[in-house]
There are 2 protein chains.
Amino acid sequence: MTSDARFAEVASLAGEPTRVVMLHALMDGRALTASELARVAGVTPQTASDHLGKLVAGGLLSVQQQGRHRYHRIASAAVAHMIESIVQVASVAMPMRRTLATGPKDDALRRARTCYDHLAGRLGVALADALVVGGHIDLTPDAGLLSNSGMALMVRIGIDVASLSPSMSKRGRVLCRPCLDWSERRPHLAGNLGAALCALSFDKGWIRRIDGTRAVRITPAGYRDYRELLDVRLVP
Amino acid sequence: MTSDARFAEVASLAGEPTRVVMLHALMDGRALTASELARVAGVTPQTASDHLGKLVAGGLLSVQQQGRHRYHRIASAAVAHMIESIVQVASVAMPMRRTLATGPKDDALRRARTCYDHLAGRLGVALADALVVGGHIDLTPDAGLLSNSGMALMVRIGIDVASLSPSMSKRGRVLCRPCLDWSERRPHLAGNLGAALCALSFDKGWIRRIDGTRAVRITPAGYRDYRELLDVRLVP
DNA sequence: GGCATCATTCGATGCCGCCCGAAACTTCGA
DNA sequence: TCGAAGTTTCGGGCGGCATCGAATGATGCC
C-alpha cells in the first residue's frame with residue numbers, strides 16, 4: 001500500500017456521512033458502545049458494527065472491551081486534531097453556495113460545547129478572551145503563553161499548573177495553545193490548560209452535558225463563578 | 001446542508017485516490033494546470049477536469065485563469081493544514097498491517113522535499129535540529145520561539161526577520177512553529193520563518209526541485225552553505 | 001479567419017460500498 | 001444450562017460515483 005493510498009483510506013473513512021456522525025459524537029473524548037453509536041447515527045447495529053470495524057482497522061478509533069460491551073473512542077490526539085482541521089475547512093463560508101443549515105441543536109452547540117477535551121463555542125471563546133484581557137495568557141494564532149499572573153490565577157481556582165507542564169504530561173502536549181473555534185471563528189483555549197479548565201468546570205458543576213451530545217449547559221453556579229473568579233461576562 | 005454533511009463532503013473530496021495525488025502534487029504551493037494534474041494523476045483530461053471542478057466547488061482548491069490555461073492551487077492555509085493533519089494520521093504505523101510500500105520516488109521525498117511552503121524530510125529536520133542545538137530557536141511540540149542569536153543569524157544570511165513578524169504578514173501567521181515531519185516523525189520548521197528559509201534556499205541555489213515533484217535535490221553549494229552558515233551536517 | 005491546443009460537458013458503463021435481513025457468536029445473569 | 005442482550009458475519013439489493021469516448025466551448029497563434 002502506498003502512502004497516497006493510505007491517505008485516501010484515512011480521508012474516505014472520515015468522509016462518509018454515517019461515520020461523520022459517529023466521529024463527532026466521540027469528539028468529546030468519551031467512549032461509546034456500538035449500540036449507542038448506532039442509535040446516534042440512525043442506523044442498525046450491524047451497519048454500525050461494519051463502520052466501527054473499518055474505523056478501528058483504519059486507526060481512527062480504538063476499542064476497549066468490557067464484558068459484552070465494546071467501547072469505542074478517538075484513537076489519538078492526532079485523529080482529534082485531524083477532525084478539527086477538517087471542521088475548519090468545512091466551516092468556511094462558500095461563495096455561490098447557500099449557507100449551512102443551523103437547527104436548534106446547532107444553536108446549543110454554538111453556545112457552549114466541548115471540543116475533544118476542552119471548552120468551545122461562545123463560552124470557550126469568552127473564557128479565552130477574558131484571560132487575554134486580564135493579562136493571564138498571551139495568545140497568538142499558533143501559540144499560547146501563560147503569564148505569572150495567569151499561573152497564580154489557575155492555582156487560586158484549583159488547577160495544579162506544575163503538573164500540566166509538557167515535561168510532566170504524556171505525549172509532551174503543550175500547556176497552552178489556541179484552537180480556532182469553528183462557530184465563532186476566533187481562538188479558544190486548548191492544550192493541557194484548556195483540558196484542565198474543562199475538567200474543573202465539570203467538577204465544580206459550572207457546566208453540565210446536554211443529553212449525550214458535545215453541547216453543554218452553563219449552570220447558575222457557572223454564570224456566577226465564571227464572572228467572579230475569571231471575569232467572564234456571559235449572557236444567558 | 002447540515003454541517004455534518006459539509007464535513008463529509010470535504011473529507012470525501014480528499015479521500016479519493018486520484019484526487020489525493022492531485023492534492024499532494026499541489027502541496028508545495030505551486031499552481032498547476034488541469035493537463036499537468038491529469039498527467040501526474042494518470043487519468044484523462046476530462047476525468048481530471050471533473051475532479052478539479054469538484055475540488056474547487058468544495059473549497060479545497062482555487063483556480064486562476066490565464067489565457068487558455070487554468071491554474072489550480074491549494075485554496076488556503078487551512079486546507080494545507082488539513083492535508084498535513086491527515087498525513088499525520090495516515091503515517092502512523094499500524095499494528096497487524098504490512099508496512100507502507102516505499103519506492104525509489106519515496107526515497108527522494110524522504111531525503112528532502114517541500115511541505116506546503118517550507119522544507120521537510122531529513123533536510124528539514126536536520127535544519128531544525130541545527131538551529132535548536134545552536135540555541136537559535138526553541139521548539140516545543142506546539143510552538144516555536146526565535147532567540148536573539150537566531151534573529152542575528154537570520155539577518156546575517158539575508159532574511160529580514162522584522163518583515164516576518166505576525167503583525168506584518170498577512171493572515172497573522174506565526175513567525176516560527178514546528179510541523180511534525182511525516183517521514184522522520186520529528187519536527188521541522190514551519191511558519192513565516194520556515195517559508196523564508198525555504199525561499200532563500202531556492203534563491204541561493206542550495207536546493208533545486210526534482211522534476212515537477214515536491215522532492216528537492218541539495219546542490220554542492222547547498223551542502224557547503226548549510227554547513228558553513230547554519231552548521232547543518234548532511235551526508236550526500 | 002482557420003487551425004491547434006486546452007478545457008469542459010454529456011452519456012454510457014462498470015465497480016465499489018452502504019445498507020439491512022437473517023443468523024451465528026459471545027457474554028452475562030438467573 | 002438456558003435465555004437475553006450486545007455484537008459481528010454473511011448475503012443480496014441498490015444507489016452513487018469514477019472513468020472514458022465523443023463532442024462542444026474557449027483561447028491563442030499564424
Side-chain angles (χ1 to χ4, degrees), chain A residues 1-2 4-26 30-58 60-73 96 212, chain B residues 1-2 4-26 30-58 60-73 96 212:
Chain A
M1 176 183 256
T2 70
D4 277 357
R6 168 74 180 138
F7 181 104
E9 179 191 13
V10 171
S12 61
L13 279 172
E16 203 279 327
T18 301
R19 287 194 289 262
V20 168
V21 177
M22 293 177 170
L23 289 172
H24 282 181
L26 292 167
R30 287 176 305 167
L32 300 179
T33 66
S35 306
E36 290 170 326
L37 288 167
R39 190 159 31 78
V40 170
V43 293
T44 59
Q46 60 267 32
T47 299
S49 176
D50 187 26
H51 285 304
L52 292 171
K54 290 175 183 174
L55 289 169
V56 170
L60 274 68
L61 296 184
S62 65
V63 64
Q64 182 180 0
Q65 183 132 12
Q66 274 185 21
R68 52 184 162 182
H69 297 277
R70 302 195 65 185
Y71 289 95
H72 298 79
R73 68 172 70 241
M96 313 301 292
Chain B
M1 176 182 256
T2 68
D4 277 357
R6 168 74 181 138
F7 181 102
E9 179 192 14
V10 170
S12 61
L13 279 173
E16 203 279 328
T18 300
R19 288 194 287 263
V20 168
V21 177
M22 293 177 169
L23 289 172
H24 282 181
L26 293 168
R30 288 175 305 165
L32 300 179
T33 67
S35 306
E36 289 171 326
L37 288 167
R39 188 163 34 77
V40 169
V43 293
T44 60
Q46 59 268 34
T47 299
S49 177
D50 187 26
H51 285 304
L52 291 171
K54 290 175 183 174
L55 288 170
V56 170
L60 273 68
L61 296 185
S62 64
V63 65
Q64 182 181 358
Q65 184 133 9
Q66 273 184 21
R68 53 183 163 182
H69 296 277
R70 302 194 66 188
Y71 289 94
H72 298 79
R73 67 172 70 243
M96 312 301 290

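Within every chain, numbering begins at 1; the chains are lettered A, B, ... in the order of the sequence lines, protein sequences first and strands thereafter.
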Within this structure, what is the [atom1]-[atom2] distance for the pair [X] and [Y], rounded to the nearest 0.5 Å?
{"X": "B/Leu23", "Y": "B/Leu13", "atom1": "CG", "atom2": "CG", "answer": "8.5 Å"}
{"X": "B/Ser12", "Y": "B/Lys54", "atom1": "OG", "atom2": "NZ", "answer": "9.5 Å"}
{"X": "B/Leu61", "Y": "B/Arg19", "atom1": "CG", "atom2": "CZ", "answer": "10.5 Å"}
{"X": "A/His51", "Y": "A/Leu37", "atom1": "NE2", "atom2": "CG", "answer": "11.5 Å"}
{"X": "B/Leu52", "Y": "B/Leu60", "atom1": "CG", "atom2": "CG", "answer": "11.5 Å"}

Can you tell me the distance, in whole Å, between the [atom1] atom of [X] and the [atom2] atom of [N]?
{"X": "A/Glu16", "N": "D/dG16", "atom1": "CD", "atom2": "C1'", "value": "12 Å"}
{"X": "A/Arg70", "N": "D/dT9", "atom1": "CZ", "atom2": "C1'", "value": "13 Å"}
{"X": "A/Leu37", "N": "D/dT7", "atom1": "CG", "atom2": "C1'", "value": "13 Å"}

task: Establish, with yes or no, whether the OP1 or OP2 oxygen of D/dG28 is under 4.0 angstrom from a side-chain nitrogen or oxygen of B/His69.
output: no

task: Please report the closest heavy-atom contact between A/Ala14 and B/Ala11, naming both atoms and the distance.
output: O-CB, 3.3 Å

statement: From the list B/Val56, B/Thr33, B/Leu32, side chain to side chain contact (heavy atoms under 4.5 Å, CB included) partner of B/His72 resolves to B/Val56

Any donor-acceptor N/O pair, B/Arg6 side chain to B/Gly58 backbone, under 3.5 Å: yes

query: So what does A/Asp50 hit on the nucleic acid, given a heavy-atom distance under 4.0 Å: a base, only sugar-phosphate, or nothing?
result: nothing

message: So if I take residues 38-49 of chain B and measure heavy-atom distances to DNA chain C, which residues fall below 4.0 Å?
response: B/Pro45, B/Gln46, B/Ser49

message: For chain B and DNA chain C, what are the first and last nucleotides along the strand, 5' to 3', with at least one atom under 4.0 angstrom from a heavy atom of the protein chain?
response: C/dA4 to C/dT9

